[in-house]
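The block underneath contains the structure these notes are about, expressed in structure tokens.
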Number of protein chains: 2
Amino acid sequence: MKTLGKTLKEAREQNSLKLRQVEDATGISNAYLSQLENDKIKNPSANILYKLSSLYNLELNSLMAASGAIKKKEDDTVSLLNSVAFSAESLSKEEEEALIEYLKFLRFSKKK
Amino acid sequence: MKTLGKTLKEAREQNSLKLRQVEDATGISNAYLSQLENDKIKNPSANILYKLSSLYNLELNSLMAASGAIKKKEDDTVSLLNSVAFSAESLSKEEEEALIEYLKFLRFSKKK
DNA sequence: ACAAAAATCTAAATATATCAAGCAAAATTA
DNA sequence: TAATTTTGCTTGATATATTTAGATTTTTGT
């Protein structure tokens, strides 16, 4: 399993962001960001992980897993069920299932 | 929005658990659990929230929202953009947009 | 190559999460 | 009812997350 630091640094570079820019965007000091990326921090707050996952368009679960909060990994379906829905009214069961089916379809037809 | 403390306490009682049972199950001290339930803690770690959501069968997201880690929600579109995710690989831009369109379609045809 | 600027990292200070111990109310049991 | 146990809580101690300031490294322009 990739460390939290590696995961965060890769994500930041993928988005071509500097530590200072991340600081401006999230309010997290660049010094602390550096420590996070160098695995000096064992237990960051949910707040911090959420802000970063949000900025980098990462799934929170992958950050939590990298940070050691989550140890085991589920399959796609369970993962989607658990992760979808920050919105005011979350997705209904039917909507979730429909979206999962639709995504499978999307990916299937993409493979040609 | 219900506070984190209220959310945790309700969940624990729903499962008929005592603070010390939760301590045994999670390794989180009953003293700290009490502080959490009384909203004395502003920024718990991702670790703690994950363990509790796991034990109580709660959505991690609902705990994060209650803890204030997840701010307020915008409209469905932005919210979905920020939240949908899969375990192995995250959604591509195209897939996100396709899913959002599809959800709009789902909800539109439901209204009839 | 050199100076200036930008970017990252380190160290010390501070804030806050988390724990250990013990207290008081409530519940249980004899 | 009194003794014992259980339960939730408070307080003080400690560990660790997070910040501020500054040092070091890397990049950029000339």
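Hydrogens, waters and symmetry mates play no part in the numbers below; they use all other heavy atoms, side chains included.
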Does the side chain of [X] reach to within under 4.5 Å of the side chain of [Y], using non-hydrogen atoms?
X: B:Leu36; Y: B:Lys40; value: no
X: A:Thr26; Y: A:Ile48; value: no
X: A:Leu49; Y: A:Leu4; value: yes
X: B:Val22; Y: B:Tyr56; value: yes

Could you tell me the separation between the [atom1] atom of [X] and the [atom2] atom of [N], rounded to a whole number of Å?
X: B:Glu37; N: D:dT7; atom1: CD; atom2: P; value: 14 Å
X: A:Asn47; N: D:dA17; atom1: CG; atom2: C1'; value: 12 Å
X: A:Asn38; N: D:dT25; atom1: CG; atom2: P; value: 15 Å
X: A:Lys51; N: D:dT19; atom1: NZ; atom2: C1'; value: 13 Å
X: B:Leu33; N: D:dG8; atom1: CG; atom2: C1'; value: 11 Å

List for me each residue that meets side-chain hydrogen bond (donor to acceptor under 3.5 Å, both in side chains) alongside [X], sequence neighbours excluded, and say none if there are none.
X: A:Thr3; result: A:Asp39
X: B:Gln14; result: none
X: A:Glu23; result: A:Asn30

Tabulate atom names and distances for all N/O pairs under 3.5 angstrom spanning the protein and nucleotides 11-13 of chain D.
none

So, are B:Glu10 and B:Lys2 salt-bridged, with charged N and O less than 4.0 Å apart?
yes
Salt bridge B:Lys6-B:Glu37, side-chain N to carboxylate O under 4.0 Å:
no
For the atom pair CG (A:Leu33) and CZ (A:Arg20), what is the distance rounded to the nearest 0.5 Å?
10.5 Å
Grab the N/O contacts between the protein and nucleotides 15-17 of chain C below 3.5 Å, and write none if there aren't any.
{"from": "C:dA17", "atom 1": "OP1", "to": "B:Lys42", "atom 2": "N", "distance (Å)": "3.3"}
{"from": "C:dA17", "atom 1": "OP1", "to": "B:Asn43", "atom 2": "N", "distance (Å)": "2.9"}

B:Leu36 or B:Asn30: which one's nearest nucleotide on DNA chain C is closer to the 5' end?
B:Leu36
Within residues 12-27 of chain B, which residues have any heavy atom lying less than 4.0 Å from an atom of DNA chain D?
B:Arg12, B:Lys18, B:Leu19, B:Arg20
Pair B:Asn47-B:Lys51, side-chain contact (heavy atoms from CB on, under 4.5 Å): steps then yes or no
CA-CA 6 Å; B:Asn47 228 320; B:Lys51 282 179 185 167; 3.9 Å; yes
